[in-house]
Amino acid sequence: MYLKSLHIQGFKTFEQSTTLELAYPVVAIVGPNGSGKSNLVDALRWTLCEQNLRTLRARSMLDLIFSGSATRHPVGYAESEVVFNNEDNVFRTGTDTVSVARRIFRSKESDFLIDGHDVQFRDVEEMLSSTGLGFRHYPFIGQGEMNRIFTMKPEERKALFEEVAGISEY
Ligand code: ATP
Ligand code: MG
């Protein structure tokens, strides 16, 4: 399973509709400080059910919506869609791709979609947890977070390895 594309609009820095085609196996994104590189990771995490505001580097979920700039008006909603290549059928849907999308409006109303169909938060969570993406500790290692792994207490590091190995539940 790997990421195929990320589409965002109105999310943090990305006021305009922006699609990144993520070529297998390695993608590097370069840009000056503050250009939105980490915001792309925030979009990925948010789409894949992250609810922790600190992890999303926001004070409120509304901070995820483009808040305007010197030359552009704020927008009314943010959306982000992650498309997975599912040729190895990790999601057990039998389809070549699986898409997960999330939207939030200024009213705080929020939508989840799987392959374009309206679903509930827990439907996405359930689907992700069957693939290992439901765990939030290791699929995303953010800026400055390597250090956290090196400085973990032995029990914490043990828990991380158990999670990676898929044996936590035992
Ligand atoms: P660095 O190289 O320093 O890590 P980066 O490319 O990772 O930088 P980000 O942290 O992704 O940069 O982007 C930070 C910028 O995103 C801030 O300067 C801020 O202006 C902008 N930003 C964050 N949230 C919003 C929002 N809701 N609306 C508009 N801009 C936003
Ligand atoms: Mg950054």
With distance as the sole test, does [X] use its side chain to make a donor-acceptor pair with the main-chain N or O of [Y] at under 3.5 Å?
| X | Y | answer |
| --- | --- | --- |
| N147 | G144 | no |
| D63 | R59 | yes |
| N89 | G94 | yes |
| N86 | V90 | yes |
| K37 | G31 | yes |
| R102 | A78 | no |
| N85 | L3 | no |
| S35 | N33 | no |

Flag if over 12 foreign heavy atoms under 6.0 Å of [atom1], [X]:
| X | atom1 | value |
| --- | --- | --- |
| Y2 | OH | yes |
| R106 | CZ | yes |
| R92 | CZ | no |
| E156 | CD | yes |

pair [X]-[Y]: side-chain heavy atoms closer than 4.5 Å:
| X | Y | answer |
| --- | --- | --- |
| L6 | S80 | yes |
| S17 | H7 | yes |
| F112 | D118 | no |
| W46 | M61 | yes |
| I104 | E109 | no |
| E81 | V100 | no |
| E126 | Q120 | no |
| D111 | F105 | yes |

CA sep, side-chain torsions, deciding dist, call: I8, E79, side-chain contact (heavy atoms from CB on, under 4.5 Å)
CA-CA 6 Å; I8 47 183; E79 71 179 1; over 6 Å; no
Shared ILVMFWY cluster between [X] and [Y], side chains joined below 4.5 angstrom?
| X | Y | result |
| --- | --- | --- |
| L113 | V98 | no |
| L160 | F150 | yes |
| L62 | Y77 | no |
| F161 | I141 | no |
| M1 | V27 | yes |

So how far is it from [X] [atom1] to [Y] [atom2], rounded to the nearest 0.5 Å?
| X | Y | atom1 | atom2 | answer |
| --- | --- | --- | --- | --- |
| Q9 | I65 | CD | CD1 | 12.5 Å |
| L56 | E50 | CG | CD | 5.0 Å |
| L128 | F84 | CG | CZ | 6.0 Å |

Criterion ring pair (Phe, Tyr, Trp, His ring centres under 6.0 Å) on F66 and F14, from CA distance to verdict
CA-CA 7 Å; F66 176 73; F14 298 89; 9.6 Å; no
Hey, mind stepping through T18 and F11 against side-chain contact (heavy atoms from CB on, under 4.5 Å) and telling me if it holds?
CA-CA 10 Å; T18 305; F11 186 93; over 6 Å; no
Assess whether side-chain contact (heavy atoms from CB on, under 4.5 Å) is satisfied between L20 and I29, documenting all intermediate values.
CA-CA 10 Å; L20 277 89; I29 294 170; 3.5 Å; yes
For a quick test of reading the model, state the closest non-hydrogen atom pair linking [X] to [Y] and the distance between them.
| X | Y | result |
| --- | --- | --- |
| A101 | T47 | CA-CG2, 4.0 Å |
| L53 | S60 | CD2-C, 3.6 Å |
| M152 | R157 | O-NH2, 3.2 Å |
| G10 | V75 | CA-CG2, 3.8 Å |

Any donor-acceptor N or O pair under 3.5 Å, side chains N39, R57:
yes
Salt bridge check, K12 against D42: does any charged N sit closer than 4.0 Å to a carboxylate O?
yes
Any salt bridge linking R45 with E145? Criterion: basic side-chain nitrogen under 4.0 Å from a carboxylate oxygen.
yes
Can you tell me which residue among R122, M127, E125 is in a side chain to side chain contact (heavy atoms under 4.5 Å, CB included) with C49?
E125
